[in-house]
Amino acid sequence: MPKVSKDTATKGGEFGPVTDRSDELEGYTVGFTEFHADVDGTALVKGLPDDRCQCPHWGYVFKGKLVFEYADGEETYEAGEAFYAPPGHVPVLHAAGTELVMFSPAEELRKTEEVIAKNMQAMQAG
């Protein structure tokens with residue numbers, strides 16, 4: 001059976017205030033992420049349909065908290081909680097010190113990451 005840990009993941013790296021380690025298992029990306037500063041991802045998802053992440057995520061928060069905005073309100077996920085974030089969310093806060101693991105359909109996540117990478121490049125150039 002395939003498996004991965006934060007220490008064995010082969011993809012990702014250091015991205016400013018974020019450390020991300022991931023690998024793909026049977027069509028799903030398993031991502032271990034740590035936030036070293038508060039991060040509002042609103043600008044990163046601009047250009048996706050409705051300017052919202054369309055990739056579903058299942059996850060678990062080890063430490064800290066994150067807040068996702070949906071069309072009908074906000075949802076806060078805190079340490080010790082498992083969560084499901086359906087398509088149509090905006091990651092408005094990943095608090096400093098947050099550590100989590102997320103499971104996402106790999107192909108859908110790739111499409112989202114392409115837009116995020118373009119937005120990050122534009123922000124760094126501007």
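All heavy atoms count here, side chains included; hydrogens, waters and symmetry mates do not. FYI, the numbering just counts along the sequence from 1.
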Might you point out which heavy atoms bring [X] and [Y] nearest each other, and give the distance in Å?
| X | Y | value |
| --- | --- | --- |
| E78 | E81 | N-OE1, 2.7 Å |
| L44 | N119 | O-ND2, 2.7 Å |
| T112 | C53 | CG2-SG, 3.9 Å |
| S22 | T29 | CB-CG2, 4.0 Å |
| A43 | M123 | CB-CE, 4.1 Å |
| G64 | T98 | CA-OG1, 3.5 Å |

Quiz item: What distance separates T33 OG1 from D20 CG, expressed to the nearest 0.5 Å?
Solution: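 Going from OG1 on T33 over to CG on D20, the span is 4.0 Å.
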Quiz item: Once you round to the nearest 0.5 Å, how far does CD of E99 lie from CD of E34?
Solution: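 Nearest 0.5 Å value for the CD-CD distance: 4.0 Å.
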Practice problem: Just grab all the side-chain hydrogen bond (donor to acceptor under 3.5 Å, both in side chains) pairs involving residues 43-54, residues at least two apart or on different chains. | Solution: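 Listed by first then second residue: nothing to list.
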Practice problem: May I ask you to list the residues sharing a hydrophobic cluster with V67, side-chain cutoff 4.5 Å, ordered by chain and number? | Solution: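 Result for V67 is V45, L48, V90, V92, L93, V115.
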same_hphob_cluster([X], [Y]) at 4.5 Å side-chain heavy-atom cutoff:
| X | Y | result |
| --- | --- | --- |
| F32 | L25 | yes |
| V61 | Y84 | no |
| Y77 | F35 | yes |
| F83 | L109 | no |
| M102 | V18 | yes |

Quiz item: Would you call E24 and R110 a salt bridge, using N to O less than 4.0 angstrom?
Solution: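 Here E24 pairs with R110 in a salt bridge, since their nearest N and O are under 4.0 Å apart.
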Exercise. Before accepting this row, confirm whether a basic side-chain N of the pair E108/K111 lies closer than 4.0 Å to the acidic partner's carboxylate O.
Key: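 So E108 does not pair with K111 through a salt bridge.
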Quiz item: With sequence neighbours left out, what residues match F62 under ring pair (Phe, Tyr, Trp, His ring centres under 6.0 Å)?
Solution: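 Counting only residues at least two positions away or on another chain, F62 forms a ring pair (Phe, Tyr, Trp, His ring centres under 6.0 Å) with Y60.
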Practice problem: State, yes or no, whether a side-chain contact exists between P87 and P56 at a heavy-atom distance under 4.5 Å. | Solution: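 They are in contact (side-chain heavy atoms under 4.5 Å apart), so the answer is yes.
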Exercise. State, without any angle test, whether E14 and T19 hold a side-chain donor-acceptor pair at a distance under 3.5 Å.
Key: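 Per modelled atom types, E14 and T19 side chains form a pair under 3.5 Å.
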Quiz item: Is it the case that D40 and T42 place a side-chain donor and acceptor less than 3.5 Å from each other?
Solution: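 A donor-acceptor contact under 3.5 Å links the two side chains.
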Practice problem: Using the six-membered ring wherever Trp is involved, compare the ring planes of H89 and F68 and label them parallel, tilted or perpendicular (cut-offs 30° and 60°). | Solution: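 It falls in the parallel class, under 30°.
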Self-check item: Side chain D23, main chain T10, donor-acceptor under 3.5 Å
Solution: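 Looks like yes, one N/O pair under 3.5 Å.
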